[in-house]
**Student:** 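Attaching a single structure in structure tokens format; questions to follow.
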Amino acid sequence: MSNTKASPESIIQAIQARDAGRDPERLAIRYTKMRESPFVFLRGACHLFYAALPASPVLDQAPLAWCCGDLHFENFGSYKADNRLVYFDINDFDESALAPCTWDLVRLLTSLQCGAESLRASETEAVQVAADCLSAYRDALMRGKPLWVEAETASGLIADLFVTLAERKRPEFINSRTELKGDQRQIKLDGIKALPIDKDERKKVIAFMKDFAASQPKPGFFKVLDVARRIAGTGSLGVMRYVILIEGKGSPDENFLLDLKASQASSLLPRLQAIKVAQPPATDEASRIVGAQKRLQAVDHAFLHAVEFDGKPCVLKDLQPSEDKVALGDWGKKIERLSDAARTMGSVLAWDHLRASGRHGSANADELGNFASGEKWMHELLGISVEMTRITRQQWEIFRDSPL
């Protein structure tokens with residue numbers, strides 16, 4: 001059930017097997033990033049995390065919930081919803097699945113500890129912050145009412161994020177990702193956010209967008225101006241992914257950027273199959289991802305579609321100037337500021353689990369609340385997160401020193 005004693009060779013082989021068929025150029029970027037720290041490695045090795053989870057009742061017998069799957073503190077962020085308001089929530093659902101509710105939580109707690117260095121916190125401080133996050137999750141689950149975070153209800157570091165977002169405008173965002181050639185924009189091929197695309201790929205994307213536009217109320221909005229391979233994230237780097245510059249509301253300052261990304265099976269499936277947790281049927285992997293996001297987030301993302309491109313299920317969404325992460329490293333050695341952000345993340349996770357409760361196999365709110373009312377499980381889960389932090393660091397050292 002656990003690969004805590006896995007050999008260095010098996011760890012590298014598991015990574016290679018997961019990455020088979022990915023774009024070599026972006027895969028090299030992925031591996032460079034994963035060597036940076038245990039936290040970045042955790043982000044890029046979701047499948048290893050779940051393979052290493054120990055067999056434990058607190059993990060395997062907890063009530064089922066719709067889970068993010070790849071939950072860590074950088075998978076929380078802001079987004080503009082279809083009501084045009086900005087919210088703070090979980091914002092990555094590629095690995096989403098129906099799973100024991102404690103799986104999301106133990107991964108989040110582990111990320112806070114693996115990320116202690118990037119957070120400029122000591123191990124003791126990181127464990128305390130993780131414990132505060134855990135307590136907030138329990139309290140919110142016991143209350144049984146899903147809430148949400150927006151500018152008026154945010155505090156501390158998360159409130160600072162909303163202040164920053166209020167000052168950010170779409171033209172500035174477009175200018176940061178594109179460059180003007182006369183009165184037309186092109187995507188910046190900077191090797192950081194975007195890479196060139198070959199002619200055949202470009203033609204496929206343009207043809208796809210033309211068909212997509214024909215099904216929309218305003219087809220001209222989706223006229224393609226430029227296409228590039230997108231560089232983003234860690235776990236999915238190398239998977240087929242494009243950034244698409246479209247006409248939007250008009251050139252040159254009202255253009256929009258879209259993200260088109262291939263969808264893969266969740267990394268949680270082998271571990272879920274081992275404990276006999278079946279998944280509800282889904283049309284395809286993109287529909288699974290979009291469906292989970294719509295169930296979990298308080299208000300739907302402004303532009304989000306499950307589509308098929310080049311015979312592959314993909315998620316198409318807009319890139320927003322309002323999407324950003326919390327600057328957790330800016331807590332200024334005031335532990336209460338870091339804990340406040342972690343507590344908010346714990347509450348958001350509980351609210352999302354409650355929001356999707358009772359749907360497609362997940363436990364209802366009463367079952368989740370009854371589970372949370374105990375205390376022993378909290379101590380057990382925090383202990384497992386400490387152990388998973390140790391395992392992740394060990395795996396990272398093996399990867400860091402490998403020739404991969």
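The residues of the chain are indexed from 1 along the displayed sequence. Just so you know, these numbers use all the heavy atoms, side chains as well, and skip hydrogens, waters and symmetry mates.
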**Student:** Can you confirm if the aromatic rings of Y242 and F309 lie within a centre distance of less than 6.0 Å?
**Tutor:**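 Aromatic pair counts; centres sit under 6.0 Å.
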**Student:** Which is it for S155 and D340 under the side chain to side chain donor-acceptor pair (under 3.5 Å) test, yes or no, and what are the steps along the way?
**Tutor:** CA-CA 8 Å; S155 62; D340 176 71; 3.0 Å; yes
**Student:** In terms of side-chain geometry, is the basic nitrogen of D23 or R26 positioned less than 4.0 Å from the acidic oxygen of its partner?
**Tutor:**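 A salt bridge is present here (some side-chain N lies under 4.0 Å from a carboxylate O).
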**Student:** Does the ring of W331 carry R337 above it, NZ/CZ under 6.0 angstrom from centre and within 45° of its axis?
**Tutor:**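 Relative to the ring axis of W331, which defines the angle, R337 lies outside at least one limit.
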**Student:** Please determine whether side chain to side chain donor-acceptor pair (under 3.5 Å) holds for the pair S10 and S7, giving the CA-CA distance in whole Å, both sets of side-chain angles, and the decisive distance to 0.1 Å.
**Tutor:** CA-CA 5 Å; S10 64; S7 67; 3.3 Å; yes
**Student:** For D82 and H301, test the side chains for any donor-to-acceptor distance below 3.5 angstrom and give the result as yes or no.
**Tutor:**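 Short answer, no.
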**Student:** Could you check whether N83 and Y87, counting side-chain N and O atoms only, form a donor-acceptor pair closer than 3.5 Å?
**Tutor:**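 Side chains of Y87 and N83: pair found under 3.5 Å.
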**Student:** Measure from the side-chain N and O atoms of Q113 to the backbone N and O of L109, and report whether any donor-acceptor pair falls under 3.5 Å.
**Tutor:**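 Here the side-chain-to-backbone pair exists.
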**Student:** Does W396 have R400 sitting over its ring (NZ/CZ under 6.0 Å from centre, angle to axis within 45°)?
**Tutor:**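 R400 over W396 ring: yes.
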**Student:** Does NZ or CZ of R35 lie under 6.0 Å from the centre of the six-membered ring of F41, at an angle within 45° of the ring axis?
**Tutor:**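 Relative to the ring axis of F41, which defines the angle, R35 lies outside at least one limit.
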**Student:** Inspect the contact between R393 and E123 and indicate whether a charged nitrogen and a carboxylate oxygen are less than 4.0 angstrom apart.
**Tutor:**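 Result for this pair is yes, salt bridge flagged.
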**Student:** Relative to each other, are the rings of F371 and W377 parallel, tilted or perpendicular (30° and 60° limits)?
**Tutor:**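 If you compare the ring of F371 with that of W377, the planes turn out tilted.
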**Student:** Taking the six-membered ring where the residue is Trp, are the ring centres of F256 and F222 under 6.0 Å apart?
**Tutor:**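 No: the rings miss the under 6.0 Å criterion.
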**Student:** Answer yes when E387 and R390 have at least one side-chain N-carboxylate O distance shorter than 4.0 Å, and no when they do not.
**Tutor:**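 The answer is yes: the pair qualifies as a salt bridge.
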**Student:** Within the side chain of R355, is there an N or O that forms a donor-acceptor pair under 3.5 Å with the backbone of L296?
**Tutor:**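 Checking the backbone N and O of L296 against the side chain of R355, a donor-acceptor pair under 3.5 Å is found.
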**Student:** Looking at R185 and D226, does any basic side-chain N land under 4.0 Å from a carboxylate oxygen?
**Tutor:**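 Not counted as a salt bridge, because no side-chain N and carboxylate O are separated by less than 4.0 Å.
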**Student:** Examine distances only and state if a side-chain atom of D366 and a backbone atom of N370 form a donor-acceptor pair shorter than 3.5 Å.
**Tutor:**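 Not confirmed, D366 side chain does not pair with N370 backbone.
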**Student:** Would you call K312-D310 a salt bridge at under 4.0 Å N-O?
**Tutor:**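 So K312 pairs with D310 through a salt bridge.
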**Student:** Any donor-acceptor pair under 3.5 Å linking the side-chain atoms of N75 with those of R43?
**Tutor:**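 No donor-acceptor contact under 3.5 Å links the two side chains.
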**Student:** Between Y50 and E95, is there a side-chain donor-acceptor contact under 3.5 Å, judged purely by atom types and distance?
**Tutor:**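 No, no side-chain donor-acceptor contact under 3.5 Å.
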**Student:** Got a salt bridge between R229 and D198, using NZ or NE/NH1/NH2 to carboxylate O under 4.0 Å?
**Tutor:**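 Here R229 does not pair with D198 in a salt bridge, since their nearest N and O are not under 4.0 Å apart.
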**Student:** Between E285 and R288, is a salt bridge (charged side-chain N to carboxylate O under 4.0 Å, His left out) present by the stated rule, with each step listed?
**Tutor:** CA-CA 5 Å; E285 299 299 344; R288 167 186 59 82; 2.6 Å; yes
**Student:** Counting heavy atoms not belonging to K249, are there more than 12 under 6.0 Å from its NZ?
**Tutor:**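 Open: at most 12 neighbouring heavy atoms sit under 6.0 Å from NZ of K249.
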**Student:** Between the side chains of D284 and S287, does any donor sit under 3.5 Å from an acceptor?
**Tutor:**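 Result is yes, a qualifying pair exists.
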**Student:** Does NZ belonging to K333 count more than 12 external heavy atoms closer than 6.0 Å?
**Tutor:**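 Count over threshold, so yes.
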**Student:** Do the charged groups of D330 and R120 touch, with an N to O distance under 4.0 Å?
**Tutor:**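 A salt bridge is present here (some side-chain N lies under 4.0 Å from a carboxylate O).
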